[in-house]
Amino acid sequence: MKLTLPPQNSDHALGPEKAKVTLLIYADLQCPHSKKAIGWIYGLIKEDKDLRFIYRHFPLVDLHTYAVFAALATEASALQGRFWEYHKLLFTTKEQLSPLLILRLAKEINLDTGKLMSAMNKGILLEKVYRDLSSGIDSGVRSTPVFFLNGICLEGPLGFDHLLENIRCIRQGKRLSA
């Protein structure tokens with residue numbers, strides 16, 4: 001699998017634009033495997049100041065009832081300049097996501113929930129979520145999480161050590177490990 005849509009200005013990104021390594025993830029806010037992977041990534045970007053992280057939505061609607069609702073909420077939080085703070089909060093909560101919890105957490109970080117709900121009802125945010133989903137499908141993504149390092153997919157079961165090893169390989173100009 002290869003990333004068919006390279007990083008875009010509309011993507012949510014952390015880290016330097018010219019970083020040697022760009023880690024792009026397709027994830028679902030309700031997926032327990034995505035939750036674990038995002039935990040790793042937040043740890044990585046805290047330590048590695050030369051890593052670019054890009055997040056794309058891949059809501060697994062057949063498995064996770066509120067995945068699209070959660071994705072829309074994070075997109076609406078971006079309009080208030082709080083995407084990453086809210087994103088991290090949703091991914092790190094121990095509670096099962098539901099619309100009530102999603103809105104309660106928005107209030108906890110002082111997001112304007114009226115504006116949040118109003119924005120969530122606008123088609124442009126749904127278009128963004130489905131643009132991410134569509135780009136994932138075009139790239140061969142079928143489940144979450146799926147990682148791309150500099151546009152190359154890391155396939156198979158992936159642990160934290162495997163992710164770190166592949167980041168090191170790219171930095172050293174080597175091929176990604178199997």
Side-chain angles (χ1 to χ4, degrees), residues 3-17 19 22-46 51-139 141-148 158 163:
L3 189 65
T4 59
L5 182 66
Q8 307 288 301
N9 288 337
S10 61
D11 285 323
H12 298 288
L14 289 173
E17 194 171 333
T22 297
L23 171 61
L24 185 144
I25 187 172
Y26 284 95
D28 175 326
L29 283 148
Q30 268 195 292
C31 171
H33 304 292
S34 292
K35 184 178 254 201
K36 186 175 182 180
I38 292 293
W40 299 339
I41 293 170
Y42 275 119
L44 273 174
I45 58 178
K46 187 176 180 181
L51 175 68
R52 185 158 180 82
F53 171 52
I54 296 175
Y55 179 85
R56 287 188 180 162
H57 300 283
F58 199 85
L60 300 169
V61 295
D62 292 343
L63 297 174
H64 302 125
T65 308
Y66 305 117
V68 172
F69 187 89
L72 288 171
T74 60
E75 288 302 320
S77 74
L79 299 176
Q80 295 182 45
R82 309 281 291 284
F83 176 85
W84 289 109
E85 180 182 5
Y86 192 49
H87 178 266
K88 187 173 187 178
L89 184 60
L90 290 179
F91 264 119
T92 58
T93 186
K94 302 264 187 258
E95 297 176 65
Q96 182 67 20
L97 288 184
S98 69
L100 288 176
L101 176 63
I102 290 166
L103 293 174
R104 189 185 86 216
L105 293 173
K107 283 181 185 176
E108 284 181 17
I109 62 168
N110 298 314
L111 284 171
D112 183 324
T113 54
K115 286 182 181 176
L116 190 85
M117 289 300 296
S118 176
M120 288 172 66
N121 289 320
K122 295 185 178 169
I124 194 155
L125 296 184
L126 189 58
E127 286 175 21
K128 164 71 168 92
V129 170
Y130 280 108
R131 187 171 45 248
D132 283 0
L133 179 65
S134 179
S135 73
I137 291 168
D138 291 346
S139 298
V141 175
R142 298 291 174 256
S143 62
T144 58
V146 173
F147 298 94
F148 287 86
L158 182 69
L163 180 61

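All values reported here derive from a predicted model rather than from experimental measurement.
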Checklist outcome for this item: Tightest non-hydrogen contact, residues Thr113 and Ala106, listed as CG2-CB, 3.9 Å

Checklist outcome for this item: CG (Leu29) and OG1 (Thr74) are apart, to the nearest 0.5 Å, by 5.5 Å

Checklist entry - Where is the tightest heavy-atom contact between Val141 and Phe58, given as atom of each residue plus distance? => result O-CZ, 3.5 Å

Checklist entry - So how far is it from Lys46 NZ to Leu51 CG, rounded to the nearest 0.5 Å? => result 15.0 Å

Checklist entry - Rounded to the nearest 0.5 Å, what separation is found between the OG atom of Ser135 and the CG atom of Asp11? => result 7.5 Å

Item to check | Shortest non-hydrogen separation from Arg52 to Pro16 and the atoms involved | outcome: CD-O, 3.3 Å

Item to check | Leu89 vs Glu85, side chain to side chain contact (heavy atoms under 4.5 Å, CB included): CA-CA, chis, key distance, verdict | outcome: CA-CA 6 Å; Leu89 184 60; Glu85 180 182 5; 5.9 Å; no

Checklist outcome for this item: Minimal heavy-atom distance between Tyr86 and Leu116, with the atoms involved, is OH-CD2, 4.3 Å

Item to check | Working for side chain to side chain contact (heavy atoms under 4.5 Å, CB included), residues Ile38 and His87 | outcome: CA-CA 10 Å; Ile38 292 293; His87 178 266; 4.2 Å; yes

Checklist entry - Can you find a heavy atom in the side chain of Pro32 that is under 4.5 Å from one in the side chain of His64? => result yes

Checklist entry - Distance from Leu97 atom CG to Leu105 atom CG, nearest 0.5 Å? => result 7.5 Å

Next on the checklist: side chain to side chain contact (heavy atoms under 4.5 Å, CB included), that's the test. Do Leu133 and Val61 meet it? Break it down for me.
Outcome noted: CA-CA 11 Å; Leu133 179 65; Val61 295; over 6 Å; no

Next on the checklist: To the nearest 0.5 Å, what is the distance between CG on Leu90 and NZ on Lys35?
Outcome noted: 9.0 Å

Checklist entry - Is any side-chain heavy atom of Gln8 closer than 4.5 Å to a side-chain heavy atom of Arg131? => result no

Next on the checklist: The test is side chain to side chain contact (heavy atoms under 4.5 Å, CB included); show your working for Arg142 and Ile137 and say whether it passes.
Outcome noted: CA-CA 7 Å; Arg142 298 291 174 256; Ile137 291 168; 3.7 Å; yes

Checklist entry - Does the side chain of Ser34 reach to within under 4.5 Å of the side chain of Phe91, using non-hydrogen atoms? => result yes

Checklist entry - About how many Å separate CG of Leu63 and CD of Gln30, when rounded to the nearest 0.5 Å? => result 9.5 Å

Next on the checklist: Looking at every non-hydrogen atom in both residues, tell me the closest pair between Asp138 and Thr4 and how far apart they are.
Outcome noted: O-CG2, 3.3 Å

Item to check | Closest heavy-atom pair and its distance - Pro6, Leu3 | outcome: CA-CD2, 4.3 Å

Checklist entry - Are Met117 and Met120 close enough that some pair of their side-chain heavy atoms sits under 4.5 Å apart? => result yes

Checklist entry - Does Ser118 reach the main-chain N or O of Lys115 with its side chain, forming a donor-acceptor pair under 3.5 Å? => result no

Item to check | Side-chain (Asp28) to main-chain (Leu60) donor-acceptor, under 3.5 angstrom | outcome: yes

Item to check | Positive for ring pair (Phe, Tyr, Trp, His ring centres under 6.0 Å) with His12, one of Phe83, Phe53, Tyr55 | outcome: Phe83

